[in-house]
Amino acid sequence: MKIHATDEDVYILAIESSCDETAAAVVKNGRQVLSNVISSQIDLHTLYGGVVPEIASRKHIEKINPVIETALKDAEMTLNDITAVAVTYGPGLVGALLVGVAEAKAIAYAAKKPLVGVHHIEGHISANFIEHPDLEPPFVCLVVSGGHTHLVVVKDYGEFEILGRTRDDAAGEAFDKVARAVGLGYPGGPKIDKTAREGNKKAIHFPRAKVDGSPYDFSFSGLKSAVLNYINHAQMTSEEIAVPDLAASFQYAVVDVLVSHTVQAAKELGYPNVAMAGGVASNSELRAEMKKACKKAGLQFYYPSPIFCTDNAAMIGAAAYYEYINGARSGWDLNAVPYLKLGER
Ligand code: KG4
Ligand code: ZN
C-alpha cells in the first residue's frame, strides 16, 4: 500500500462500541492522541459473570453522546475541526456495533465529513503506533483479546497476513473461564494476573497444546479442560487448591505457547520487529516473558500501555488515519458486520 502523504494535519474523531466499552477519541495524524474517553460497563456485567449483549447495547445508547462530547471537549475541538469520523464496524456484538455505526453515520452526515469504517483488530494492532513513532510495518503481531487470538504479519498499513489463529477458545476467554472455575470472578484476566504474582508458576505442569501441521495455530481448550480436571480431582479427594499456584501455572502455560509461537514466526520468516495487541497483551507475565524471549532472539519488541490494550477508540483513530490517507471511505450504507474477517472490506 502506498502512503499518500499530505501537508495538512488529519484529525480523526473515532468511535468504538463493539463490546462492553463505549469509547471516543480524537487522534492527530494517526499517532498523537488528543483525547481518549472510555466508559466501561464492566461493573454492570460483573453481576452476570460476563457480557450481556442486550445490556451492552442499551448502555452504549445511554453513554455514546456524552462520551463523544467529552472526547471533543478534551481535545479542545468542535466537529468543524475534525477531518473525518471513524468507527468500528466489526467484528463484535451486533447490537453494540450498531450503536457506534449509527452514531458515526449521523455525525459524519450532519457535519459533512467523510466516514471511515475500521476493523476492530486492525485497531488493536494500530495501538502500537501510538506510543512508538519508530514502529512501521512490516512486523509480526500477536493479537490476544477476549474474542481473538491471531498471529499476524502486518505487511503494510492495513495489509495483513494471518499466520495462525486459535482453533477453539481465545486466550482471554481461557483466562475468563479458568478464573470463574476457581472463583476469582469476572473479568478473569486481570484477576488471574494479580493472583498469579503470589504463586509458583512451576507448581503444576499443564499441557502446552500443539496443532499438528499448523505450527502457528493455537488451542486452549485442552489446557482449560486440564485445569478443570485438576480442580475436580482436588475437590473429590478433599485436597485444598492453592489458587495462586494454579493461577500462575495456568498463566505460564498460556504465555509459554504465545511467546514461543510468536518468536518462532519472527525468526523463521525473518521479521526483526515483534508487537503485541489486545486485552491480554497487558498481562504482566506475557509482557515479561515476551521481552525476555525477544531480547534473547535479537528481536525488537513493542507493546502498548494497558490503556491502549483494552478496547479504546484511540486505536481506532490510529488505524483510521492510515485507511483515510490511502483513500478508504465508507458509504452511508455502512453496516455492523459481527464476523468481519481481518483484511476484508
Ligand atoms: O481486547 P479486549 O479488551 O476486548 C476484546 O476485544 O475481547 O480483551 C478483553 C480480554 C478479557 O478476556 C480479559 O480477561 C483479558 O482481555 N485481559 C487480561 C488481562 N487484562 C485483560 N488477560 C490476562 N491478563 C490481563 N492482565
Ligand atoms: Zn478488543
Side-chain angles (χ1 to χ4, degrees), residues 14-23 25 36 38-42 45-46 49-51 53 56 87-93 96-97 100 118-128 141-150 152 165-166 169-182 184-197 199 201 218 220 223-224 247-248 250-259 275-290 303-316 318-319 338-340 342:
I15 299 169
E16 154 67 43
S17 71
S18 65
C19 191
D20 60 346
E21 252 91 33
T22 321
N36 187 29
I38 306 172
S39 169
S40 175
Q41 309 174 359
I42 279 189
H45 298 288
T46 299
V51 177
V87 64
T88 306
Y89 72 108
L93 302 169
L97 288 165
V118 175
H119 192 291
H120 184 72
I121 299 301
E122 185 175 344
H124 271 303
I125 293 169
S126 304
N128 284 287
C141 188
L142 173 71
V143 184
V144 270
S145 73
H148 307 270
T149 303
H150 282 65
V152 178
R165 52 161 59 85
T166 180
D169 292 349
E173 206 178 340
F175 270 93
D176 293 336
K177 286 179 179 168
V178 166
R180 189 179 308 159
V182 289
L184 288 175
Y186 172 86
K191 301 227 160 110
I192 298 249
D193 194 349
K194 190 156 172 251
T195 309
R197 279 177 214 159
K201 65 184 181 185
F218 303 96
F220 296 110
L223 169 61
K224 181 189 67 192
F250 157 75
Q251 178 174 271
Y252 188 43
V254 176
V255 165
D256 198 11
V257 174
L258 294 176
V259 171
M276 199 159 75
V280 184
S282 36
N283 183 270
S284 55
E285 177 75 9
L286 179 57
R287 286 169 175 250
E289 288 298 312
M290 193 74 93
Y303 54 95
S305 296
I307 190 71
F308 298 124
C309 285
T310 57
D311 289 350
N312 67 88
M315 67 185 198
I316 302 302
Y339 297 102
L340 185 65
L342 191 62

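In each ligand, atom 1 is the first atom listed, and ligand 1 is the first ligand listed. Bear in mind the structure is a predicted one, so any value in this text is a computation, not a measurement.
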Which protein non-hydrogen atom lies closest to atom 15 (C) of ligand 1, naming both residue and atom, and how far is it? V280 CG2, 3.9 Å
Any heavy atom of S282 sitting closer than 4.0 Å to ligand 1? yes
At a 4.0 Å threshold, what atoms of ligand 1 neighbour a non-hydrogen atom of T310? 3 (O)
the protein heavy atom lying closest to atom 24 (N) of ligand 1 turns out to be N283 ND2, 3.0 Å
Quick check: of its N, O or S atoms, which one does D311 have closest to the Zn ion (ligand 2)? OD1
Which one of P190, G146, G147, G189 has a non-hydrogen atom at the shortest distance from atom 10 (C) of ligand 1? G146
In Å and rounded to the nearest 0.5 Å, what is the CG to NZ distance from D169 to K177? 3.5 Å
For S39 and Q41, test the side chains for any donor-to-acceptor distance below 3.5 angstrom and give the result as yes or no. no
Between H124 and the Zn ion (ligand 2), is there a contact where an N/O/S atom of the residue lies under 2.8 Å from the metal? yes
So which protein heavy atom does atom 1 (O) of ligand 1 come closest to, and at what separation? G279 N, 2.9 Å
Output yes when a side-chain donor or acceptor of D176 lies under 3.5 Å from a complementary backbone atom of G188, and no otherwise. yes
Step by step, work out the side-chain contact (heavy atoms from CB on, under 4.5 Å) result for Y89 and L97. CA-CA 6 Å; Y89 72 108; L97 288 165; 5.7 Å; no
How close does the nearest protein non-hydrogen atom get to atom 11 (C) of ligand 1, and which residue and atom is it? D176 OD2, 3.6 Å
Atom 3 (O) of ligand 1 sits nearest the protein heavy atom D311 N, 3.3 Å
Is there an N/O/S atom in H148 that lies less than 2.8 Å from the Zn ion (ligand 2)? no
Salt bridge or not between D193 and R197? Use side-chain N to carboxylate O under 4.0 Å. yes
Any side-chain donor paired with an acceptor under 3.5 Å for Q251 and N283? yes
Please state which part of H120 comes within less than 4.0 Å of ligand 1, counting heavy atoms only: side chain, backbone, both or neither. side chain
Validation row: N312, E16 side chains within 4.5 angstrom (heavy atoms): no
I'd like to know whether ligand 1 has H124 as a neighbour, heavy-atom separation below 4.0 Å. yes
Side-chain heavy atoms of F308 within contact of N36, under 4.5 Å: yes
Would you call the rings of H148 and H120 parallel, tilted or perpendicular if under 30° counts as parallel and over 60° as perpendicular? tilted
Identity and separation of the nearest protein heavy atom to atom 26 (N) of ligand 1: D193 OD2, 2.9 Å
What's the shortest heavy-atom distance between A171 and V280, and which atoms? C-CG2, 4.3 Å
Find all atoms of ligand 1 within a distance of less than 4.0 Å from any non-hydrogen atom belonging to G172, and give their numbers and elements. 12 (O)
